[in-house]
Amino acid sequence: MAKDYFEFKQFVVNQDKCAMKVGTDSVLLGGWVAAEGNLNILDIGAGTGILSLMLAQKTIGRIDAIELDEQAALQAEENFSLSTWRGRLNCYNQSLQEFARTVKKRYDLIISNPPYFSIGIRSDESNRALARHTDSLSYNELVSLSRKLLKPTGRFTVIVPNDTRKQMIRQFHSNEMWVMREARIRPKENMEFSRVLFECALKMPAYYSIEEIIVEEKNRYRYHRSFKKYTKDYYLDF
């Protein structure tokens with residue numbers, strides 16, 4: 001059973017109210033994303049607020065988080081209020097669709113660990129099912145609405161299952177977004193890719209980079225150096 005809280009080097013994430021607990025996907029995404037300085041940042045599908053907190057640690061920018069589930073939004077607000085960066089963090093209990101219709105602000109960086117089970121057996125727990133299924137937010141809506149909310153020089157960063165990689169690239173192309181960086185993730189050295197990280201821009205970049213990240217070595221909880229590279233500023237044991 002997951003603990004009611006998860007402790008990092010500079011903040012604590014309570015997760016007793018939130019269906020989706022702190023996981024490797026969000027920690028890796030938050031560590032991998034390139035962000036520094038005074039940015040306007042949007043976190044889509046905030047959950048516990050972990051991505052917003054990680055970005056608050058690595059930037060001096062202001063961060064808006066949106067979360068559809070009411071209990072998860074309350075959890076994120078609680079975690080924000082307990083952090084050193086409470087004055088730079090806001091959470092809105094709204095869908096992305098509603099938020100995009102009303103907000104006037106445009107963002108330097110948008111980050112998301114979106115729902116990812118579009119088909120298959122649902123979780124028995126309705127809130128967990130909502131958090132993990134794309135019924136409430138399709139990949140097309142995620143990409144197109146993120147594009148609308150970005151500044152011309154802004155960037156969009158996301159993590160998705162590896163088996164949707166080609167689908168996501170098609171969504172980027174149809175919305176005139178360009179991949180700048182890509183990282184494909186293996187859970188262990190001898191396993192197939194399970195996730196992919198993308199960083200996209202609205203203008204064709206001068207470069208494109210792709211890398212491979214391995215989470216664990218052969219033994220469980222023995223983390224690979226490529227994973228530690230991006231998470232060492234957050235995990236207590238690194």
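Below 30°, between 30° and 60°, or above 60°: for Phe238 and Tyr223 the angle between ring planes is above 60°, a perpendicular geometry.
Counting only heavy atoms from C-beta outward, the side chains of Arg165 and Glu182 approach each other to under 4.5 Å. Inter-residue side-chain proximity for Glu217 and His224 is flagged as met; some heavy-atom pair is nearer than 4.5 Å. Residues Leu236 and Glu7 have side chains in contact (heavy-atom distance under 4.5 Å, counting atoms from C-beta outward). When side chains are defined from C-beta on, Tyr208 does not count as touching Trp178, because their heavy atoms never get closer than 4.5 Å. Taking the side chain as every heavy atom from C-beta outward, Phe172 and Val158 approach each other to under 4.5 Å. Proximity of Trp32 to Glu199: side-chain heavy atoms (C-beta onward) are separated by under 4.5 Å at one or more points. Side-chain atoms of Ile110 and Leu149, non-hydrogen and from C-beta on, do get closer than 4.5 Å to each other. Annotation: side chain of Met54 is in contact with side chain of Val27 (closest heavy-atom distance under 4.5 Å).
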Kindly indicate, with the supporting measurements, whether the criterion side chain to side chain contact (heavy atoms under 4.5 Å, CB included) is fulfilled by Arg181 and Leu197.
CA-CA 8 Å; Arg181 297 169 64 213; Leu197 297 156; over 6 Å; no

Between Met177 and Leu150, is the side chain to side chain contact (heavy atoms under 4.5 Å, CB included) condition met? List the steps.
CA-CA 11 Å; Met177 297 177 76; Leu150 279 174; 4.1 Å; yes

Checking Tyr234 against Phe11 for the side chain to side chain contact (heavy atoms under 4.5 Å, CB included) test, could you report, in this order, the C-alpha distance in whole Å, the side-chain angles of both residues, the deciding distance, and whether it holds?
CA-CA 9 Å; Tyr234 299 98; Phe11 57 90; 4.1 Å; yes

Between Thr24 and Ile185, does the side chain to side chain contact (heavy atoms under 4.5 Å, CB included) criterion hold? Intermediate values first, please.
CA-CA 11 Å; Thr24 301; Ile185 315 304; over 6 Å; no

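Not counting sequence neighbours, the partners of Gln75 by the side-chain hydrogen bond (donor to acceptor under 3.5 Å, both in side chains) test are Asp16, Glu78.
Asn175 CG to Asn140 CG: the interatomic distance, rounded to the nearest 0.5 Å, is 6.0 Å. Within the model, atoms CG of Leu96 and CD of Glu67 stand 11.5 Å from one another, a figure rounded to the nearest 0.5 Å. To the nearest 0.5 Å, atom CG of residue Asn190 and atom NZ of residue Lys218 are 7.5 Å apart. We find the NZ-CD distance between Lys17 and Gln15 to be 12.0 Å, quoted to the nearest 0.5 Å. Of the inter-residue distances, the one linking Thr157 atom OG1 with Leu29 atom CG reads 7.0 Å to the nearest 0.5 angstrom. We find the OG1-CG distance between Thr153 and Asp108 to be 6.0 Å, quoted to the nearest 0.5 Å.
Residues Val179 and Val160 share a single hydrophobic cluster, defined by chaining ILVMFWY side chains whose heavy atoms lie under 4.5 Å apart. Linking Ile, Leu, Val, Met, Phe, Trp and Tyr residues whenever their side-chain heavy atoms come within less than 4.5 Å leaves Phe8 and Tyr5 in two separate clusters. Connection of Phe99 to Val143 is established within a shared hydrophobic cluster, with ILVMFWY side chains joined at heavy-atom distances below 4.5 Å, either directly or through further cluster members. Side-chain heavy atoms closer than 4.5 Å link hydrophobic residues (I, L, V, M, F, W, Y) into clusters, and following such links, possibly through other members, connects Tyr235 to Val22. Hydrophobic cluster membership is shared by Leu55 and Phe6, with clusters built from Ile, Leu, Val, Met, Phe, Trp and Tyr side chains linked at under 4.5 angstrom.
Residue Glu211 places its CD atom among more than 12 non-hydrogen atoms of other residues, nucleotides or ligands, all under 6.0 Å distant. Within 6.0 Å of NZ in Lys9 there are more than 12 heavy atoms belonging to other residues, nucleotides or ligands. Annotation: Lys166, atom NZ; neighbour count of heavy atoms from other residues, nucleotides and ligands within 6.0 Å does not exceed 12.
Between Ala65 and Ser52, the shortest heavy-atom contact is CB-OG, 3.6 Å. Minimum interatomic distance between Pro161 and Thr164 (heavy atoms only, all atoms of both residues): O-OG1, 2.8 Å. Ser226 and Glu212 make their closest contact through CB-O, 4.2 Å (heavy atoms, listed as atom of the first residue, atom of the second, distance). The two residues Pro187 and Val215 make their nearest non-hydrogen contact at O-CB, 3.5 Å. Heavy atoms only, all atoms of each residue included: Thr59 and Gly61 are closest at OG1-N, 3.2 Å. Counting all heavy atoms, side chain and backbone alike, Thr48 lies closest to Met20 at CG2-O, 3.9 Å.
Each of Lys228, Arg186, Lys188, Arg222 was scored for a salt bridge (charged side-chain N to carboxylate O under 4.0 Å, His left out) with Glu216, with one residue passing: Lys188.
Between the Arg62 side chain and the Asn38 main chain, no donor and acceptor come within less than 3.5 Å of each other. Between the Ser112 side chain and the Ile44 main chain, a donor and an acceptor come within less than 3.5 Å of each other. Looking only at distances, a side-chain donor or acceptor of Lys58 sits under 3.5 Å from a matching main-chain atom of Gly31. A donor-acceptor distance shorter than 3.5 angstrom exists from the side chain of Arg88 to the backbone of Ala56, with no hydrogens or angles considered. A donor-acceptor pair under 3.5 Å is absent between the side-chain atoms of Ser26 and the main chain of Gly23, judged by distance alone. A distance-only check finds no donor-acceptor pair linking the side chain of Lys229 to the backbone of Ile213 [under 3.5 Å].
Under 4.0 Å is where a charged nitrogen must lie from a carboxylate oxygen, and between Asp25 and Arg195 at least one such pair does.
Using modelled atom types and a 3.5 Å distance limit, the side chains of Asp64 and Tyr107 yield a donor-acceptor pair.
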